[in-house]
Amino acid sequence: MNSELTTPKPRLLITGVPPDAVIERAQQLFDLTIWREDAAIGDALLKNVAGMDALIVMPGDKLNAETMGALPDSIKVLGTYSVGTDHVDLQAASQRGLKVFHTPDVLTQAVADLTLFLIIAAARDTSTVEKTLREKRWGRWAPKSMLGRSLQGLRLGIFGMGRIGQAVADRARPFGLSIHYHNRSQLPAEKSQGAQFHSTLDSLVAHSDILCICAPATAQLRGSINAARLALLPDQAMVVNVARGDLVDEEAFFAHAATGRLGGVAMDVYRNEPHIDPRWLALERTTLLPHIGSATAEVRTAMGMLVLDGVAAHFGLAEGGKCANP
Ligand code: DGY
């Protein structure tokens, strides 16, 4: 075939390196460029996106109104390699007529799995006790050493009872946790499965032996785990966050931790990732993971395929995709 007569593939920039199967498919569909540096693309985004038809960003890449406004006119569609869209100004995208595709559903179960791990890690302080072993400070078995809390009978307060919150609840019930939740609206019985609805976040926090943050970091919810709410937590309550660091007022959190009233902390997300506040590292009874909720080989491949579906569908090259600003 005369190559001059074939339609050129749309040009796609992906700002991080996906699994091989995703790269292969992206190359079939697009004229693909991948930002392969270790550091996030940051200010180099605008230079690298010049002449591109489509852009898929990572959760750490900010597409705020200013960046959105500075994108070249050649860009016709956007994607993010995440379910969360807090780093993308969806309104600014819509105003420019750009759809933003994201990756709901495919990561729900993996994130919920990790959340259960974090709940147990918080209750049994596995980070500290593993350190004891690794540092060869493990003494003889003693009835009072390395004690945690039993989950049976504790109240798990889920802030944000969307797909992930519900999947966490499903996993937590067999552990004997009683499920409480706060959400924008009360869920129908078939979804809440007996979980107790709290119409205010204050009420949920006050009834949580383990507060588990699963809500999206919308503008309204940012900083909602603040000093006043932390003060409502029962004594020795635990806090787990698998959603976004921006939901927590970190100054208030460190101040609350210093009172000794927290019974355990397990975090997968922070403000200003990956350059997190060093005070996290000094907290006792705390498990810290580097934002790995969706980090399984299967899920990261599925996420890549899903965001490609949406971006490719825009050019009539595939079907499906999940649009965050329909
Ligand atoms: C998401 O998809 O929003 C996750 O936080 C990234 O793992």
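This one's a predicted model, so the numbers in the text were calculated from it and none came from an experiment. Residues take their numbers from the sequence shown, with the count starting at 1. We count ligands from 1, going down the list as the structure has it; atoms in each ligand are counted the same way.
The existence of a salt bridge linking K131 and D125 is excluded, since no basic side-chain nitrogen approaches an acidic carboxylate oxygen closer than 4.0 Å.
Once rounded to the nearest 0.5 Å, the distance linking OG of S178 with CG of L156 reads 8.0 Å. L211 CG to L201 CG: the interatomic distance, rounded to the nearest 0.5 Å, is 7.5 Å.
Here the heavy atom of the protein found nearest to atom 7 (O) of ligand 1 is S294 OG, 2.7 Å.
Interface of L107 with ligand 1, defined as ligand atoms under 4.0 Å from a residue heavy atom, comprises 2 (O). In summary, the atoms of ligand 1 found under 4.0 Å from a heavy atom of S82, numbered by their order in the structure, are 1 (C), 2 (O), 3 (O).
Taking distance alone, with nitrogen or oxygen atoms compared against 3.5 Å, H291 approaches ligand 1 more closely than that limit. Among the atoms of Y81, none of the N or O lies under 3.5 angstrom from an N or O of ligand 1. At under 3.5 Å, a nitrogen or oxygen of G84, whether backbone or side chain, sits near a nitrogen or oxygen of ligand 1. The shortest N or O to N or O distance between V83 and ligand 1 is under 3.5 Å. Close N/O approach between R244 and ligand 1 is found [any backbone or side-chain N/O within under 3.5 Å].
Aromatic ring pairs are classed by plane angle as parallel below 30°, tilted from 30° to 60° and perpendicular above 60°; the pair F197 and Y181 is tilted. The aromatic rings of W280 and F254 sit perpendicular to each other, their planes meeting at more than 60°, with 30° as the lower class boundary.
T67 and N64 form a side-chain donor-acceptor contact under 3.5 Å, judged by distance and modelled atom types alone.
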